[in-house]
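Values below: every heavy atom of this structure, side chains too, minus hydrogens, waters and symmetry copies. Remember, it's a predicted structure, so these values are computed and weren't measured experimentally.
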Amino acid sequence: MPELPEVETYRRFLDDLILHQPITAVEVRDAHVLTTDEDTLRRYLVGRHVTATRRLGKNCFLELDNDTVLALHFGMTGDVGAYRDDPDAPRFTRVALHLADGMRIAFVDPRKFGRIRLAGSVAEYQKLKKIGPDALDITWEQLQAALSKKKTLLKPALLDQRITAGLGNWIVDEVLFQAKINPERLCNTLTQKEFKALHAAIQLVLQTAIQHEATYRHFPASFLIHAREWDDSATPGTDKHRFCPRHPRTEIEKKYVGGRATYYCPKCQPVPATASETPDSSRTSG
DNA sequence: GTCGATGTTAGCAC
DNA sequence: TGTGCTAACATCGA
């Protein structure tokens, strides 16, 4: 589930457990998630300790006391855990850091799309991976500057970590719903007012998600997230979650935009009128 | 057995 | 160079 709010939650979890604890061992259960080879990792980590944790977009960093950082990317299914005894290691633990106080920090990732690597600094990693400004830090002017010259569909552009970092598939849908903008709008057709609404929606969605530690079912009823199939907050046996929070009789639609499953309200987020579109003025009369 | 999945990146066609 | 689409990664769970 790791988008920005989840990764921020992971970072806080790690911050509570790992700071200033000497690392006594690096346990690699599946080297597939390593981008830095196992021996190098051990050489730089064992005997060191973490001085600070940081986050940029969906990446989490552990800053070490030897001018290096351990960069964690959680892929689609990455998570963190803590345990003390081997049998208690979470299922799908791929790598574990053993700490001097006996705690073990697990990098958990069933699908193994996550990656762990060593870097010189957060800035170096950011440059290497071409990561843009964090979605919580970007200003509306920056957002407008980055998007207004692009001719692409809006949703894929917002998922592009080079434009702004941290937005993932469900968050973009939520942001566009809150901003009342159709995911298939072209970036260069947005008005200044819409860029401001987009920016405000990014702040709202991310702050709300972090506040609830990314637990979807606790999100406000005004959020689109409850329409996603994997949401289980709707009362069993009801179809409540299928409808728009603002239009109780309008069903949320699902389609693929840029190859990604996309949920939106056809009423709140109307498709922009274009020359090719069939004129239809009777729809609003109901 | 089939299908889809929260992310990222390479490859290809235009 | 910019854009869009698809597949691939590895695996789980519905």
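Atom P of dT6(C) sits at a distance of 14 Å from the matching atom of dG4(B), rounded to the whole Å. Taking the P atom of each, dG11(B) and dA10(C) are spaced 16 Å apart, rounded to whole Å.
Between the side chain of D65(A) and the main chain of H49(A), a donor-acceptor pair closer than 3.5 Å is present.
Closest to the side chain of H32(A), out of dA5(B), dC9(C), dT6(B), is dC9(C). Counting only heavy atoms from C-beta on, Y256(A) has its side chain closest to dA5(B) among dC9(C), dA5(B), dG4(C). Checked against dC12(C), dT6(B), dA10(C), the side chain of F92(A) finds its nearest nucleotide in dC12(C). Distance from the side chain of K150(A) is smallest for dT3(C) among the nucleotides dT3(C), dT9(B), dT6(B). Taking the side chain of Q161(A) as heavy atoms from C-beta on, and the options dG7(B), dT8(B), dA10(C), the nearest nucleotide is dT8(B).
Using a 3.5 Å distance cut-off with no hydrogens or angles, the side chains of R29(A) and T93(A) do not pair a donor with an acceptor. Of the N and O atoms on the side chains of Q178(A) and E174(A), at least one donor lies less than 3.5 Å from an acceptor on the other residue. Side chains of K155(A) and N169(A): a donor-acceptor N/O pair is present below 3.5 angstrom, by distance only.
The aromatic rings of F219(A) and H212(A) sit tilted, their planes meeting at an angle between 30° and 60°. Between F61(A) and Y125(A), the angle of the ring planes goes over 60°, which puts this pair in the perpendicular group of the 30/60° scheme.
What separates CG of D160(A) from P of dG4(C) is a distance of 11 Å, to the nearest Å. Rounded to an integer number of Å, the gap from CZ of R111(A) to P of dA8(C) is 15 Å. Distance, W170(A) CH2 to dT6(B) P: 12 Å, rounded to whole Å. Taking atom CZ on R162(A) and atom P on dG7(B), their separation rounds to 16 Å, with Å as the unit. Atom CG in D30(A) sits roughly 7 Å away from atom P in dT11(C) (whole-Å rounding). Distance CG (L158(A)) to C1' (dG7(B)): 16 Å, rounded to an integer number of Å. In this structure, D109(A) atom CG and dT6(B) atom P are separated by 15 Å, rounded to whole Å. Across the protein-nucleic acid pair, D79(A) atom CG and dG7(B) atom P stand 15 Å apart, rounded to whole Å.
Residue-level contact check: R260(A) touches the bases, meaning some heavy atom is under 4.0 Å from a base atom. Among the atoms of the strands shown, none is found under 4.0 Å from any heavy atom of G259(A).
OP1 or OP2 of dG7(B) sits under 4.0 Å from a side-chain N or O of K58(A). For K112(A), a side-chain nitrogen or oxygen approaches OP1 or OP2 of dT11(C) to under 4.0 Å. A close approach under 4.0 Å does occur between a side-chain nitrogen or oxygen of K129(A) and OP1 or OP2 of dT9(B). The side chain of H73(A) places an N or O atom within less than 4.0 Å of a non-bridging phosphate oxygen (OP1 or OP2) of dT8(B).
Between the side-chain ring of F113(A) and the base of dC9(C), a stacking contact exists by the 5.5 Å and 30° definition.
Nucleotide dT6(B): unpaired (no Watson-Crick or G-U wobble partner with both distances less than 3.5 Å). The partner of dA10(C) is absent, by the rule that a Watson-Crick or G-U pair needs both atom distances under 3.5 Å.
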